[in-house]
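Here's the structure we're looking at; comments come further down.
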Amino acid sequence: MQLFQNNDAIPFIEQVKQQRPLVHCITNDVVQNFTANVLLAIGASPAMVVAKQEVEDFVTIASSLLINIGTIDEHSANSMLLAAAKAEQTQTPWVLDPVAVGAALKYRTEIAKQLITFRPSVIRGNASEILALSGQQSSSKGPDGLDSTDSALNAAILLAQKYQTIVAITGEIDYVTDGQQIYSIAGGDIALTRVTGTGCSLSAMVAAFIATTSNRLTATATACFMMKKAGELANKQSGLGTFAMAIIDQLSLFKQNYQ
C-alpha cells in the first residue's frame with residue numbers, strides 16, 4: 001500500500017487544466033449545479049445531457065462519462081444503460097457512482113449491477129456501497145454509509161479484480177485500487193460529509209482526471225487527494241454554506257496552495 005502524496009498529484013492536475021476534458025454527467029438532481037461548478041473549478045468542462053434520445057450521441061463526443069444513480073427513475077435508468085453501453089463500445093472512460101445501493105433499495109441495486117456489465121473504468125463509492133456491490137453485508141441508511149473504508153478494502157480489491165476496473169472507496173481514509181496496487185489518501189475534514197454534493201462531485205472529478213491519461217489508478221487517486229485537501233483548506237468559520245463555496249474556491253486555487 002502506498003500513501004498518496006502531493007507530488008504524485010500535480011502532473012494530473014496540470015493535464016486537466018491543459019486538456020479541459022468534456023465530462024458528460026448523468027447525475028442526480030440534487031447535485032447538478034454543484035457538480036458543474038466543481039468541474040469548472042478544476043479546469044474541466046461539464047455537460048448534463050440526460051435525455052435518452054441524446055445520450056448515445058453525446059458519449060461519442062465526450063471525453064468521459066459519469067453515471068450517478070442518486071435520484072434514479074425509469075427514464076434516467078434507460079439513459080444510463082444506453083450511455084454505458086455506448087461508452088463500452090466507443091471505449092470512452094466512464095465512472096459509476098452507485099449511490100445508496102444495498103438490500104433496502106433493490107431497484108437501483110439491480111440497475112447498478114446491470115451497469116457494471118458495461119465495464120466502468122472506475123467505481124467510486126462509500127464503504128457500504130462497495131460492500132453491497134461486492135455481495136457482502138453492509139450497513140447504510142440510504143446514501144449514508146455506516147461502514148468504515150478499512151472494512152471494505154478487501155471487498156474493493158475483489159470487485160476491482162472481478163470486473164477489471166479501479167475501485168475508489170472514500171471516507172475517513174480513501175483507498176484506490178486496481179486489485180493489485182493500493183493508494184491510501186488521508187486527511188480531509190468532517191465538514192465534507194455535511195454539505196451535499198461533495199462525494200458526487202468527486203466522482204465527476206474522477207471522470208475528468210481519467211479522461212486525460214492512461215494511468216487511471218493514479219488519476220483517480222489524484223481526484224480523491226484534491227478533494228480532501230480542498231476540504232482541509234476551505235473556510236469553516238462562517239458555516240457550512242460558506243464552506244461549500246470555499247471548496248470550489250480551493251479547488252480552483254489548488255496549484256497555488258500546494259506548490
Side-chain angles (χ1 to χ4, degrees), residues 1-4 27-28 30-31 66-72 77 80-81 84 94-188 190 192-194 196-207 210 216-217 220-221 223-225 227-228:
M1 186 180 300
Q2 180 177 344
L3 181 64
F4 199 79
T27 191
N28 77 67
V30 179
V31 303
L66 164 68
I67 294 180
N68 172 312
I69 65 172
T71 53
I72 194 169
M80 291 172 188
L81 292 166
W94 74 280
V95 177
L96 173 62
D97 188 337
V99 179
V101 296
L105 296 171
K106 293 182 173 57
Y107 175 69
R108 71 182 52 225
T109 302
E110 177 56 34
I111 295 295
K113 289 178 178 176
Q114 292 182 44
L115 287 166
I116 286 181
T117 65
F118 295 113
R119 302 172 60 84
S121 311
V122 180
I123 302 168
R124 201 295 306 171
N126 64 37
S128 297
E129 291 159 351
I130 298 304
L131 284 165
L133 273 185
S134 302
Q136 299 186 30
Q137 185 140 10
S138 63
S139 302
S140 65
K141 291 182 179 178
D144 296 329
L146 301 177
D147 299 288
S148 71
T149 51
D150 283 344
S151 71
L153 180 54
N154 284 338
I157 293 169
L158 293 173
L159 194 65
Q161 291 172 345
K162 181 176 181 179
Y163 292 100
Q164 295 293 292
T165 187
I166 292 162
V167 177
I169 335 168
T170 55
E172 186 173 353
I173 298 175
D174 296 351
Y175 294 107
V176 180
T177 181
D178 59 1
Q180 304 298 325
Q181 293 179 265
I182 305 168
Y183 282 121
S184 67
I185 302 104
I190 189 64
L192 285 166
T193 66
R194 294 175 179 162
T196 190
T198 54
C200 300
S201 298
L202 171 57
S203 295
M205 288 172 60
V206 172
I210 65 172
R216 293 173 181 168
L217 180 70
T220 300
C224 296
F225 177 85
M227 182 60 86
K228 277 198 176 296

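Positions are given from 1 along the sequence.
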- Within-4.5 Å side-chain heavy-atom neighbours: Trp94 and Leu115: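 Trp94 vs Leu115: side chains touch.
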Whether the side chain of [X] engages the backbone of [Y] through a donor-acceptor N/O pair (distance < 3.5 Å, no angle test) should be reported.
X	Y	result
Glu129	Asn126	yes
Ser203	Asp97	no
Thr177	Ile157	no

- Item | Asp174 and Tyr183: side chain donor to acceptor below 3.5 Å |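 Not at all, the side chains of Asp174 and Tyr183 share no donor-acceptor pair under 3.5 Å.
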Work out which heavy atom in [X] is nearest to a heavy atom in [Y]; give both atom names and the distance.
X	Y	answer
Ile67	Met80	CD1-O, 3.4 Å
Ile185	Cys224	CD1-CB, 4.0 Å
Ala160	Asp178	CB-C, 3.6 Å
Ala127	Ser148	CB-O, 3.2 Å
Gly125	Pro98	CA-CD, 4.4 Å
Tyr107	Ala77	OH-CB, 3.5 Å

Between [atom1] of [X] and [atom2] of [Y], what distance do you get to the nearest 0.5 Å?
X	Y	atom1	atom2	value
Ile130	Leu158	CD1	CG	12.0 Å
Leu131	Asp147	CG	CG	5.0 Å
Ile72	Ile111	CD1	CD1	5.0 Å
Gln2	Leu217	CD	CG	9.0 Å
Lys162	Ser134	NZ	OG	8.5 Å
Ile123	Leu96	CD1	CG	6.0 Å

- CD/Gln137: more than 12 non-hydrogen atoms of other groups inside 6.0 Å: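 No, not enclosed.
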Contacts table for residues 165-173: side-chain donor-acceptor under 3.5 angstrom, sequence neighbours left out:
unit_1 : atom_1 : unit_2 : atom_2 : d
Thr165 : OG1    : Pro120 : O      : 2.7
Thr165 : OG1    : Ser121 : O      : 2.9
Thr170 : OG1    : Arg124 : NH1    : 2.6

- Check the pair Val101 / Ile69 against side-chain contact (heavy atoms from CB on, under 4.5 Å), numbers first and verdict last. CA-CA 9 Å; Val101 296; Ile69 65 172; 3.7 Å; yes
